[in-house]
Amino acid sequence: MTQKTSTYENVTRQFDKAADLMGLDPEIRKILSKTTNEVRVNFPVKMDDGHIEILTGYRVQHNNALGPYKGGLRFHPAVDIDEVRALATWMTWKSAIVDIPFGGAKGGIQIDPANFSARELERITRRFTFALGCVIGPEYDIPAPDVNTNPQIMAWILDSYLAMMPPQERNRSLHVVTGKPVESGGSVGRDKATGQGIVFCIEQWAKDRGFDLKGATYAVQGFGNVGSWTARLLKPHGARLVAVEDVSGAYSNPEGLDPDDVCAYTRANRGRIAGYPHATPTDHETFMSTAADILIPAAMENQITAQTAPLLNVKLVVEGANGPTDPDGDAILAGRGIELLPDVLCNAGGVMVSYFEWLQNKRSESWDLEEVDTKLYKKMVNAYERVRDTVRAYNTDWRTAAYIVALNRLARVYKERGIFP
Ligand code: NAD
């Protein structure tokens with residue numbers, strides 16, 4: 001019988017590797033190896049036919065030494081305390097690596113949104129927000145979109161949260177959630193931000209390696225927000241998308257799939273690639289074995305493992321998703337000389353532009369796309385260079401180096417501030 005992989009166990013193994021290598025202070029290690037708060041809520045929701053369902057949601061707050069807790073909300077059947085704990089912890093490292101004043105959190109509801117009508121999803125979102133109550137807050141813990149959640153869902157969270165506030169507080173609380181529609185206080189550029197940050201990292205890596213992106217080939221797993229934007233933003237570089245996999249199946253075309261066309265198709269097909277006419281259907285194993293320069297996993301955790309890492313036929317893995325490679329997968333890729341840019345660095349564009357949105361709301365400003373993209377570029381390149389320099393200084397892999405950057409920053413803050421009382 002196969003055992004379910006513990007995603008949090010993966011985080012612990014990654015953390016231990018970095019903490020050992022850098023000689024992290026044992027007291028700081030104790031603090032950072034635990035989450036701060038873990039909230040589980042069971043809440044009733046009235047369905048369209050009038051019956052009541054009791055649903056389960058989570059919010060885990062890992063650490064807020066650098067600023068308010070920050071992290072997405074996921075609606076997915078696999079959401080459980082182990083997964084949310086892992087995702088919350090990665091958020092702490094991510095914000096520290098890219099140097100924004102946030103801590104780490106994550107949450108979600110254990111549902112398959114495909115089983116609910118739009119009206120039911122709205123009631124689920126509003127009741128979840130009500131159940132969380134003051135667990136979230138604009139200066140305390142700020143959710144954002146993640147798998148199967150989107151700007152519409154963020155707008156419902158905002159509206160429900162504001163309804164719970166005294167009227168005088170409402171206009172001061174727009175920043176309780178990020179990734180909102182632009183008209184409701186969102187930032188331009190937030191929808192593409194994660195993909196944009198990934199592409200900035202790929203550009204830097206290509207520059208460092210003298211690698212020409214024009215004519216380079218790549219495969220993408222997951223064609224939602226992160227995967228589709230990454231592919232669309234790689235198109236102007238002249239890179240060729242040769243395989244795509246999503247929850248409904250895998251498709252390949254060595255001549256190239258047009259990211260805009262796949263996007264238009266999936267949009268019209270409930271977000272799924274199944275039945276895409278301009279490519280050949282393949283299976284999961286064939287997808288993982290795709291011969292290409294770059295593989296971009298942008299779907300779920302634990303995709304590159306002891307079983308699948310030997311199949312990969314690429315030079316570089318760029319983690320768009322959180323946690324797509326487990327520590328066994330990491331070791332196999334390293335042994336095979338396949339480089340990997342880790343999630344906590346290269347998918348940080350999303351939380352970065354969420355930070356910009358939060359700032360704009362606090363200051364009653366709205367920046368244009370050029371301002372957002374310029375700031376994002378600068379921060380992502382700085383973070384990339386910090387991690388690259390740490391790779392060299394410690395002669396280690398990119399993930400461990402990224403952890404060292406984060407842990408150093410957090411350790412300094414704990415040393416300076418001390419532990420109350
Ligand atoms: P999304 O819901 O927009 O898209 C998810 C995609 O993954 C869909 O195409 C879905 O079909 C596919 N998928 C799901 N299960 C799959 C499976 N078993 N095999 C293959 N494909 C599968 O979600 P998203 O926002 O694009 O998030 C994707 C990943 O990126 C997640 O790990 C998320 O935590 C991470 N991430 C998202 C953001 C963001 O801004 N949205 C930021 C940082 C990291």
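As the structure lists them, so they are numbered: ligands from 1, and atoms in each ligand from 1.
- Remark: ligand 1 and His76 share no N or O pair separated by less than 3.5 Å (distance only, no angle test).
- In the candidate list Val353, Thr194, Val147, Thr194 is nearest to atom 42 (C) of ligand 1, counting heavy atoms.
- No option in Tyr394, Trp398, Trp93 other than Trp93 meets the ring pair (Phe, Tyr, Trp, His ring centres under 6.0 Å) test with Tyr403.
- Looking at Ser248 next to ligand 1, no N or O pair under 3.5 Å apart turns up.
- Between the choices Arg270, Lys106, Gln221, the shortest heavy-atom distance to atom 19 (N) of ligand 1 belongs to Gln221.
- Looking at ligand 1, you won't find any N or O of Gly227 less than 3.5 Å from one of its N or O atoms.
- Atom 28 (C) of ligand 1 has its nearest heavy-atom neighbour, among Ala193, Ala298, Gly222, in Ala298.
- Scanning the protein heavy atoms around atom 7 (O) of ligand 1, the nearest turns out to be Ala299 CB, 3.4 Å.
- Evaluated by nearest non-hydrogen atom to atom 6 (C) of ligand 1, the leading choice among Ala250, Gly224, Gly249 is Gly224.
- Between Val247, Asn347, Ile273, it is Val247 that holds the heavy atom closest to atom 17 (C) of ligand 1.
- Heavy-atom distances between Arg272 and ligand 1 stay at or above 4.0 Å for every pair.
- Although no hydrogens or angles enter the test, the distance criterion places no donor-acceptor pair under 3.5 Å between the side chain of Asp373 and the main chain of Gly189.
- A donor-acceptor contact shorter than 3.5 Å is absent between the side chain of Ser187 and the backbone of Glu357.
- Side-chain atoms of Gln360 come within 3.5 Å of backbone atoms of Phe356 as a donor-acceptor pair (strictly under, hydrogens ignored).
- Within the 3.5 Å criterion, the main-chain N or O of Pro254 finds a donor-acceptor partner in the side chain of Arg240.
- For a threshold of 3.5 Å applied to N or O pairs, the pair formed by Gln303 and ligand 1 contains no separation below that value.
- The protein heavy atom nearest to atom 18 (N) of ligand 1 is Met300 CG, 4.5 Å.
- Within the 4.0 Å heavy-atom criterion, the part of Arg190 lying near ligand 1 is the side chain and not the backbone.
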